[in-house]
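Here is the structure we will look at, set down as structure tokens.
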Amino acid sequence: DVKVTQSSRYLVKRTGEKVFLECVQDMDHENMFWYRQDPGLGLRLIYFSYDVKMKEKGDIPEGYSVSREKKERFSLILESASTNQTSMYLCASSPGDRGVTEQFFGPGTRLTVL
Amino acid sequence: GEDVEQSLFLSVREGDSSVINCTYTDSSSTYLYWYKQEPGAGLQLLTYIFSNMDMKQDQRLTVLLNKKDKHLSLRIADTQTGDSAIYFCAPTRPASNYQLIWGAGTKLIIKP
């Protein structure tokens, strides 16, 4: 079974703190994604990585950065957390094949910024 | 820009059919996916359809695609309480095999 794990299920941080969210997948997938999920807005892509050290901005990259030093690990960094970054953060991975590619999701991290 | 629209809620009686609808703006999506998110669980792929098909059936699930109207639907026959979840429509982004455009999700509520 593909497993995508995220470092925390719940996280509470203060405004201005630097926040690290980590994601690890065990299926040797090329692609990894960070989304945020907000009620009524669905999933919005923050960043996408298609290989080690490679990244692409998604729809809402402002206020976030990412790091992919190893194939299995994709980190999301909030440089200076703000209250409007309170959200559910979802990590996903998928193979780099052509055709149908399923995204496999982690359980999510619910981040609250006070 | 690219957009996917879904109703936020659908309420059906147990045993009835559920039909979840989705409209999208970009007709060049190659694959169109349906994902399911159960309470307290991660998202999982439910089914998908290739853009050159107009129907796909998989047990209780039927996916219909109308490319001309850019309309996708998911029909769940004989809806059960275990079908309670949020259902997301997600076509592939144009010129990308990997990135998806996500709808807001439709919460399916089952009435006894």
Side-chain angles (χ1 to χ4, degrees), chain A residues 1-6 8-10 23-25 27 29-51 54-61 68 74 87-110, chain B residues 1-10 20-26 29-53 56 58 63 65 72 85-107:
Chain A
D1 271 357
V2 176
K3 201 164 181 185
V4 179
T5 56
Q6 295 184 229
S8 308
R9 290 300 300 267
Y10 299 94
C23 174
V24 178
Q25 51 97 0
M27 278 300 290
H29 284 167
E30 285 77 12
N31 302 320
M32 295 189 76
F33 307 79
W34 274 108
Y35 296 96
R36 63 178 281 176
Q37 182 180 10
D38 299 289
L41 296 178
L43 275 71
R44 291 180 291 167
L45 181 65
I46 304 171
Y47 269 98
F48 163 60
S49 170
Y50 53 92
D51 202 349
M54 307 305 288
K55 61 186 178 186
E56 280 184 14
K57 290 182 181 179
D59 300 312
I60 51 164
R68 193 160 178 208
F74 192 32
S87 187
M88 171 69 87
Y89 289 87
L90 297 176
C91 175
S93 72
S94 74
D97 308 326
R98 288 279 161 206
V100 177
T101 55
E102 179 178 352
Q103 290 189 19
F104 294 87
F105 284 83
T109 295
R110 187 167 292 282
Chain B
E2 306 139 351
D3 196 21
V4 175
E5 291 196 359
Q6 301 177 240
S7 298
L8 292 183
F9 299 96
L10 176 66
I20 301 170
N21 294 301
C22 168
T23 56
Y24 57 98
T25 54
D26 202 300
S29 296
T30 311
Y31 292 94
L32 300 98
Y33 297 88
W34 284 102
Y35 279 78
K36 178 182 181 182
Q37 185 177 39
E38 294 182 81
L43 277 95
Q44 286 191 302
L45 178 65
L46 189 62
T47 187
Y48 67 91
I49 190 166
F50 187 45
S51 57
N52 70 353
M53 300 168 66
K56 181 181 178 183
D58 182 4
V63 179
L65 175 61
L72 182 72
I86 303 175
Y87 292 83
F88 291 91
C89 168
T92 48
R93 211 175 273 262
S96 172
N97 196 53
Y98 310 123
Q99 293 188 41
L100 305 178
I101 315 163
W102 294 83
T106 299
K107 185 170 185 176

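Convention: sequence-line order gives letters A, B, ...; per-chain numbering from 1. Remember, it's a predicted structure, so these values are computed and weren't measured experimentally.
For a residue to count as touching a neighbouring chain, one of its non-hydrogen atoms must lie under 4.5 Å from one of that chain's; by this rule A:Arg110 does not touch chain B. With a 4.5 Å cut-off on non-hydrogen atoms, B:Gln6 does not touch chain A at all. A:Pro39 does not touch chain B: none of its heavy atoms, backbone or side chain, sits under 4.5 Å away. Only the side chain of B:Leu8 has a heavy atom closer than 4.5 Å to any heavy atom of chain A. The part of B:Tyr33 that comes within reach of chain A is its side chain, from C-beta onward, which places non-hydrogen atoms under 4.5 angstrom from that chain. Only the backbone of A:Leu41 has a heavy atom closer than 4.5 Å to any heavy atom of chain B. For A:Asp59, the part lying under 4.5 angstrom from a heavy atom of chain B is the side chain only. Only the side chain of A:Glu56 comes within contact range of chain B, with at least one heavy atom under 4.5 Å from a heavy atom of that chain. With a 4.5 Å cut-off on non-hydrogen atoms, A:Phe33 touches chain B through its side chain but not through its backbone.
Atoms OG1 and CG, on A:Thr101 and B:Leu100 in that order, are 7.0 Å from each other to the nearest 0.5 Å. Expressed to the nearest 0.5 Å, how far OH of A:Tyr35 lies from CG of B:Leu43 amounts to 9.0 Å.
The heavy-atom pair separating B:Ala104 from A:Gly40 by the smallest distance is CB-O, 3.4 Å. Annotation for A:Val100 and B:Tyr31: closest pair CG2-CE2, 3.2 Å, computed over non-hydrogen atoms.
Ring pair A:Phe105/B:Tyr35 is perpendicular by interplanar angle, where above 60° counts as perpendicular and below 30° as parallel.
Contact of the A:Phe48 side chain with the B:Tyr98 side chain is registered, since non-hydrogen atoms from C-beta on lie closer than 4.5 Å.
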